[in-house]
Number of protein chains: 2
Amino acid sequence: METEEKKVYTIDDIARELGVSKTTVSRAISGKGRIGQATRERVLEFIEKHDYRPNVMAKGLAQKKTFNLALLLPKDYAVTEFPFFKDCMQGICEVASGHDYDVIISMIDGDDLSQIQRLEANRKVDGMILSRAVEHSMAQDYLKSCKEPFVVIGPEEDPQITYVDNKNLEASKELTSIMLMKGVQKLALLGGNQSFSVTESRYKGYLQAHKKTGRLVNEDMIFMNCENQTKVSEAVKQALEQGEDGILCMDDAICSMCIGSLRERKIPIPSQVRVASLYDSKSLEYNNPPITSVKFDTVRLGKMAAEKLLKMMGEETEEETQPLNYQVVLRESTQ
Amino acid sequence: METEEKKVYTIDDIARELGVSKTTVSRAISGKGRIGQATRERVLEFIEKHDYRPNVMAKGLAQKKTFNLALLLPKDYAVTEFPFFKDCMQGICEVASGHDYDVIISMIDGDDLSQIQRLEANRKVDGMILSRAVEHSMAQDYLKSCKEPFVVIGPEEDPQITYVDNKNLEASKELTSIMLMKGVQKLALLGGNQSFSVTESRYKGYLQAHKKTGRLVNEDMIFMNCENQTKVSEAVKQALEQGEDGILCMDDAICSMCIGSLRERKIPIPSQVRVASLYDSKSLEYNNPPITSVKFDTVRLGKMAAEKLLKMMGEETEEETQPLNYQVVLRESTQ
DNA sequence: CTGAAAGCGCTTACAG
DNA sequence: CTGAAAGCGCTTACAG
């Protein structure tokens, strides 16, 4: 029962102790190359018994791989986006570790490429995931110019770039349509930061739904860049003055602020104004009344990003063919 | 102007082209070992010109280092904790990359050690940072049993373990004292998840402040595990029925819910009830009225964690001696 | 089926 | 001050 330092074996030790060559040991482990059934089992057994784990760094050097991938996160994201990034991260980590890859995070600041360049110069990763595509981001252009494989999370117009995205446009269109069908006459839209692509997608969905049903959209029904309580309150005030009877919020944070503002003005939901959100959260679900909103499977989004990337890097992965989807959850706030 | 593949040099190439040995090149780069001024400059110049960057993985193998550190994040953290983790992450990444280290994230799920064991077995990191110490966490015990250096973010009673923490107890004590001095007669405490150490620290601060001023604390003034709107609303209701004239919330999320609940009941802040939070956020700052709260420098907390860890790993770092601190920001909600 | 050898791109005693 | 050589712990043609 002494606290003896457990010896950490190398492939050399194993070869010596077993009286075989390290080539053989390597083959038994990797499963590549021909090897006798008997020897393989002997090696595997020894490994199991002594809990040998190959040195990934050495393996990487020999194979010119790093077994790392990078997740590029914006440094400046707003509170409203936390749940999104956290879920992405979780999905990515899960599939990465399933392939014995690790994920290195790098927080990148707007158009400052230095962190990306550092990662690239140091050759510590085999591929990168760029989260939250900002319109006209330099990062994308830069990554394209490198040989490094990468996928972006978010909408992407460049057909040469691999991406995954939630169906924001479709979801927005569907929820808008539903609200119009339910009898909302004038539906205000409270949007987020206009430089984010997701804002644009949701906006388009809203427009298309109006077009489809032959409804007019007036400039003054659209309130963009609702990033704090003050902006939201102003928007709500103006919308009410204009007699809007429905408010569609682009995400849960905006929606929370919107609800707060309505409550302050003692405007009943849904009897005077129906409210819905294009991104769900617990606080909307548990609100009184519960708020209608769209649920995405963001963990899965992250997983798909990682799978796509691993595939580009030549890993074998059973990429899910089933497309990402969403659910519109109708709750009391739109009844 | 062709898109020629830029050759990626190795130390061997440089040695050959310069007619020196690779030992010399290595020395010129690392600055270790004696080397002639002239040769050093020749090498450095060549490197600069051809933008040579040493292969970190190879360097690592030779030095038995990985130049990675791991950040262990709980998989299940609540919305309320996002800003905290994000700021930590940012601080850690900043100092890590300053030392040419990268940070690998791993999301660990309660008492499931498998992810930690994987990291350890793969030897992909030189040290770990365990964020959010949960009371009696297995992770800590496990890490202690490994040789791997690690530091924890959060309070820590074990004197053998290195940790960094915000001064939650002190801050809680100070803010509580201030509220009592300002004339609050009965101060309710709305606390978070009781299994987190931070909850305990803040609770203690609240108690100590009462003791110091000779005030009694009644069981029924304490409301723990206020993790959703329902629980908070109940707590607020009960507190009001008991005639409390002050409410101290443990964090910004709890406080937001508390404010919402008060607003619904049309209880004016601060005239009927004074409200304060032990963790600040924009939404509290911009609330109407603005909410008194405590500001911590969490980015710096992350930095210090990383610095402490790097030091344990033998890196040279000018560790900041200045202790972490906090500011109590008195706003309208406690006037 | 198995192994000796070279190689991945660095570092570092050791000798000169 | 400089270099030849061994080594970090793996993989992988190549030969047998």
Side-chain angles (χ1 to χ4, degrees), chain A residues 7-44 46-47 50-68 100-101 120-126 314-315, chain B residues 7-44 46-47 50-68 100-101 120-126 314-315:
Chain A
K7 172 170 177 55
V8 20
Y9 281 88
T10 72
I11 214 171
D12 254 312
D13 301 323
I14 301 177
R16 198 175 322 113
E17 301 222 11
L18 254 36
V20 298
S21 75
K22 35 186 219 170
T23 310
T24 303
V25 178
S26 176
R27 279 200 275 255
I29 296 167
S30 67
K32 296 182 207 158
R34 318 195 71 67
I35 184 174
Q37 179 70 20
T39 28
R40 141 169 300 141
E41 276 169 12
R42 266 181 69 216
V43 174
L44 259 26
F46 185 95
I47 283 176
H50 297 273
D51 193 32
Y52 163 78
R53 303 285 322 242
N55 181 315
V56 182
M57 305 293 279
K59 184 176 169 186
L61 185 59
Q63 295 190 138
K64 287 174 173 280
K65 285 181 169 190
T66 67
F67 298 101
N68 288 143
D100 247 304
Y101 266 74
E120 214 231 326
N122 282 351
R123 278 155 292 168
K124 292 271 287 271
V125 299
D126 300 330
E315 277 307 286
Chain B
K7 173 170 176 55
V8 19
Y9 281 89
T10 72
I11 214 172
D12 254 313
D13 301 323
I14 301 177
R16 199 175 321 111
E17 300 221 10
L18 255 37
V20 297
S21 77
K22 38 185 217 171
T23 310
T24 303
V25 177
S26 175
R27 279 200 275 254
I29 295 166
S30 68
K32 297 182 206 159
R34 320 194 70 65
I35 184 175
Q37 179 72 20
T39 28
R40 140 168 300 140
E41 276 168 12
R42 266 182 68 216
V43 175
L44 260 25
F46 185 94
I47 283 177
H50 297 273
D51 193 33
Y52 164 79
R53 304 284 323 242
N55 181 316
V56 182
M57 305 294 280
K59 184 176 170 188
L61 186 59
Q63 295 189 138
K64 286 174 172 280
K65 286 181 169 189
T66 67
F67 297 102
N68 288 143
D100 246 305
Y101 265 74
E120 213 231 326
N122 283 349
R123 278 153 292 167
K124 292 271 287 271
V125 298
D126 299 331
E315 277 307 286

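So that the names make sense, note that chain A is the first sequence line, chain B the second, and so on, each numbered from 1. Bear in mind the structure is a predicted one, so any value in this text is a computation, not a measurement.
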Would you check, one step at a time, whether the test side-chain contact (heavy atoms from CB on, under 4.5 Å) holds for A:Asn68 with B:Asn68? CA-CA 11 Å; A:Asn68 288 143; B:Asn68 288 143; 4.3 Å; yes
Just call it for B:Leu61: base, sugar-phosphate, or nothing, with non-hydrogen atoms closer than 4.0 Å on any strand. base
Side-chain H-bond candidate by donor/acceptor type, B:Thr24 with B:Ser21, under 3.5 Å: yes
If you look only at pairs with a residue in residues 18-43 of chain A, which of them pass as a ring pair (Phe, Tyr, Trp, His ring centres under 6.0 Å), with sequence neighbours excluded? none
Quick one: what's the B/S/- string for nucleotides 10-16 of chain C, heavy-atom cutoff under 4.0 Å, read 5' to 3'? BBBB---
Against the side chain of B:Val20, the closest entry in D:dT2, D:dG3, D:dG9 is D:dG3
Could you check if a side-chain atom of B:Thr10 sits within less than 4.5 angstrom of a side-chain atom of B:Asn55, using non-hydrogen atoms only? no
Output, in order, the C-alpha distance, side-chain angles, deciding distance and verdict of side-chain contact (heavy atoms from CB on, under 4.5 Å) for A:Glu120 and B:Arg53. CA-CA 10 Å; A:Glu120 214 231 326; B:Arg53 304 284 323 242; over 6 Å; no
Rounded to the nearest Å, what distance is computed from the CZ atom of residue B:Arg40 to the P atom of nucleotide D:dT2? 10 Å
Once salt bridge (charged side-chain N to carboxylate O under 4.0 Å, His left out) is applied, do any residues pair with A:Arg16, and if so which ones, sequence neighbours excluded? A:Asp13
B:Lys65 side chain near D:dC8 phosphate (N/O to OP1/OP2, under 4.0 Å): no
Per-residue pairing states of DNA chain D in dot-bracket (Watson-Crick or G-U under 3.5 Å; . unpaired, | other strand) read |||.||||||||.|||
For residues 7-37 of chain B, the ring pair (Phe, Tyr, Trp, His ring centres under 6.0 Å) pairs (sequence neighbours left out) are B:Tyr9-B:Phe46, B:Tyr9-B:His50
Sequence neighbours excluded, the answer for ring-ring contact (aromatic ring centres under 6.0 Å, His included) partners of A:Tyr52 is none
For a quick test of reading the model: is some side-chain N or O of A:Thr24 closer than 4.0 Å to OP1 or OP2 of C:dG3? yes
